[in-house]
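Proteins get letters first, then strands, A, B, ... in listed order; numbering begins at 1 in each. Small disclaimer: the values here were computed from a predicted structure and weren't measured.
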There are 4 protein chains.
Amino acid sequence: MSLADSRPGQAGPARGRPRSEAVERSIIEGVMKLLEDGVPLADISIERVARTAGVGKATIYRRWSGKEELFVDVLRATEPPDPQLPGISMRDDLIALLEPLRRRGLASRSSVILHNVYAQMKSSPKVWAAYHATVIAPRRRTTFEVLRRGQRDGELRQDVDIELLNDLFMGPMLVRAVLRPDAELPEDLAAQIVDRVLEGLRPDQP
Amino acid sequence: MSLADSRPGQAGPARGRPRSEAVERSIIEGVMKLLEDGVPLADISIERVARTAGVGKATIYRRWSGKEELFVDVLRATEPPDPQLPGISMRDDLIALLEPLRRRGLASRSSVILHNVYAQMKSSPKVWAAYHATVIAPRRRTTFEVLRRGQRDGELRQDVDIELLNDLFMGPMLVRAVLRPDAELPEDLAAQIVDRVLEGLRPDQP
Amino acid sequence: MSLADSRPGQAGPARGRPRSEAVERSIIEGVMKLLEDGVPLADISIERVARTAGVGKATIYRRWSGKEELFVDVLRATEPPDPQLPGISMRDDLIALLEPLRRRGLASRSSVILHNVYAQMKSSPKVWAAYHATVIAPRRRTTFEVLRRGQRDGELRQDVDIELLNDLFMGPMLVRAVLRPDAELPEDLAAQIVDRVLEGLRPDQP
Amino acid sequence: MSLADSRPGQAGPARGRPRSEAVERSIIEGVMKLLEDGVPLADISIERVARTAGVGKATIYRRWSGKEELFVDVLRATEPPDPQLPGISMRDDLIALLEPLRRRGLASRSSVILHNVYAQMKSSPKVWAAYHATVIAPRRRTTFEVLRRGQRDGELRQDVDIELLNDLFMGPMLVRAVLRPDAELPEDLAAQIVDRVLEGLRPDQP
DNA sequence: GCCTAACCGAGACGGTACGTCACGTCTTTTA
DNA sequence: TAAAAGACGTGACGTACCGTCTCGGTTAGGC
């Protein structure tokens, strides 16, 4: 699951001293602490992480191949768990999918981590791909399923472009996260977005 | 206008040898060349920019206080000029506002620069603020004006949240730029977005 | 002994990887090679020493705090070993003390190093003090002892100023090294000096 | 006389604005001021000299080809005037020749300049040659003449090596200046040296 | 009383070296 | 064998000077 399992290829039972999971946690916690303390991402070096976590540099490199790989796991650790979909109506499911994004925009911890690490990660295609595949894509797929179910159940017109619709839902959240990080996020923002987009898309409309 | 004007405080007539504009251009061109050549942003050091542009390091630091400030000006240099609004209908104006974003997503030059520098820049609040103030905010204001004019002219319902509407227009473009940089951008994407959002928002509708 | 031992303060057993003595030697050898090759002292930068020795700059700065400190150790490495005093007569001991100075004036290797580094070093009081304490002063003390022994043994008048005598012995060697580096140094120069100075100082003379 | 006359080769009468002698003086004074203020020689850059003297860099380079050439003129400016020789006895003339050296060792201004610049200069053979030719050699020649006159007038034995004798006179002064800059210089030091060396060299002695 | 060449101050310019820091790898000791 | 420690070669950082080169502005003759 985590990226931190790059033990050199071998099958047999682990030999020698086993890796300490506590060490692994303390490294990730160390990075988070630094980010929360307002240390700019660019100032977070492997060397500093090692000092903060009270760990040798080699111990970090044994687990991750570089800063970016480490940050992917840090970002994952802040990822809210996949939301439980009520499954009653399409509208409520869509809101349930959007709500965690809004909530994360509020939490200072997640927020500061997101805004920094996220941006950083993007400059490394490989790392971005890993994050996209395990975090972004699954959510996209879930949204697609919800929308298709809505079409099947008569809650959504058949002729709309599912992809564009998805982007219309996610867009405002992203705009606020990326372009206007200080924007206020009203409690019913997810509902506002969903209702505004769905307006005029009900099957009984022209 | 540019960030590259940090001459030490004084008012009188310029003393000493004036700064060469040609040098300024060749530095920015140098960064662009590196980005186009596929050099990862993280590998673009001031030292390398200086070598590429055939320029001393001090000449760069004389103009920009660091890598990020330089990149703001690079990003600005790729910014498409403010679009000419037809001014006939709100719909056409909105499309005219969105179209350059789509087009930039296509152009390899702008694209590669955007996708990297943009992300990088975000980690520096000060730099981001500068970019936001001179590039993002003005566009936002223009969109607001267009939408308000639409309400005045009866093209748009009075009760809609202008801010949310703006985010719905920009959102899909941003989603594709940030989350799915490889997405295809159909020629009529701007029109699709505008029409989809405006559907059901005409004043004569419920 | 050497100046290159500035490990950060601690007493316990050395932790971490120990410093390589081979590296230390190759740095000093590198400087000597440059000097022998006729590179002017002013053109010998730490950066160049590092390149020549195939060593990182930090590896040099880990051992010496700057160019001057490094040069002290280089100078020390060229220092001829303390001469063995015959111990038979004062005259022969004095000649034995002077002879290495003459010889060094001849050797091209030592000479070129001496003439440059020596001068350079003097501009840093701290560094000069270190060199004086470990190289110059001990020799001075030895000469004093020899002269006092001479007085005790009746080879030298009791009323002469030991200090001035010492300077009279060393002076001509220094004049030739500092003011006339191209002067010829006849084989019996040491004997000439000693005899000339001692003339008229034997106790049985007025 | 000074090194500061390197006007580009031309024969005719000076055209254009003539160089300001005041500027020349203020540059040399500036260097002296820095040295007296205890600024280490290595920290005295042309740029700093220019700032101190309130002068453009080019104005300095127009006169001297580099730091060392400038320092030669600074050193010359501190040189005590050639001593007046009494011309009565060889002994008194020799003392008169040595006395200025002792006196300079005492003066803080000359001393600090000497001890630094002198050392520095030696690393540039060309510059050293210039200084040697105009300052050191003439003095040496004068001493030779005095000694030869002494031989002619029966004050000195015929068989002594004039050159070695000269070095024996100068040596102690140099030893104290170069090796023991803090040494005390008794008022009668010159006489002590001369008398000690001449002892036993009078023609009526064996 | 102009003209013009060289001066002057200031400071930009392409460079090089500074001393520091982080990179990712490599020893070393200890557990 | 893992772990902490820290040395290692590499190379970027941002600063300071190098010696050269424009700038606008002065300051002398020579006409």
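Judged by closest nucleotide on DNA chain E, D/V55 is the one of B/A50 and D/V55 placed further toward the 5' end. Nearer to the 5' terminus of DNA chain E, by closest-nucleotide assignment, is the contact made by D/G56 (compared with the other of D/G56 and C/I44).
Distance CD (D/E24) to C1' (E/dC8): 14 Å, rounded to an integer number of Å. Residue B/I60 contributes atom CD1, which lies 13 Å from atom C1' of F/dA12 at whole-angstrom precision. In this structure, B/E47 atom CD and E/dG19 atom C1' are separated by 14 Å, rounded to whole Å. The interatomic distance linking B/R51 (CZ) with E/dT16 (C1') rounds to 13 Å, in whole Å. Atom CZ of B/R62 is separated from atom C1' of F/dA16 by 12 Å (rounded to the nearest Å).
Base engagement by D/A58 is indicated by at least one non-hydrogen atom pair under 4.0 Å involving a base atom. Within 4.0 Å of A/G66, counting heavy atoms only, lies no atom of the nucleic acid at all.
With hydrogens and angles ignored, no donor-acceptor pair closer than 3.5 Å exists between the side chain of C/K57 and the base of F/dG11. Residue side chain B/R17 reaches the base of F/dC21 through a donor-acceptor N/O pair under 3.5 Å, judged by distance alone.
With salt bridges taken as basic N to acidic carboxylate O contacts below 4.0 Å, one links B/R63 and B/E24.
Between B/R15 and the phosphate of E/dG9, there is no side-chain N or O to OP1/OP2 separation shorter than 4.0 Å. Contact between the side-chain N/O atoms of C/R63 and the OP1/OP2 oxygens of F/dC8 is found at a separation under 4.0 Å. The phosphate of F/dG9 (OP1 or OP2) has a side-chain N or O of C/T59 nearer than 4.0 angstrom.
In this view, B/D37 and B/K33 satisfy the salt bridge (Lys or Arg N to Asp or Glu O under 4.0 Å) rule, not counting sequence neighbours.
Here the side chain of C/R19 is nearest to one of F/dA7, F/dG14, E/dC23, namely F/dA7.
For the atom pair CD1 of C/I44 and CZ of C/F71, the computed distance is 5.0 Å after rounding to the nearest 0.5 Å. Rounding to the nearest 0.5 Å gives a distance of 10.5 Å between CG of D/L41 and CG of D/L34.
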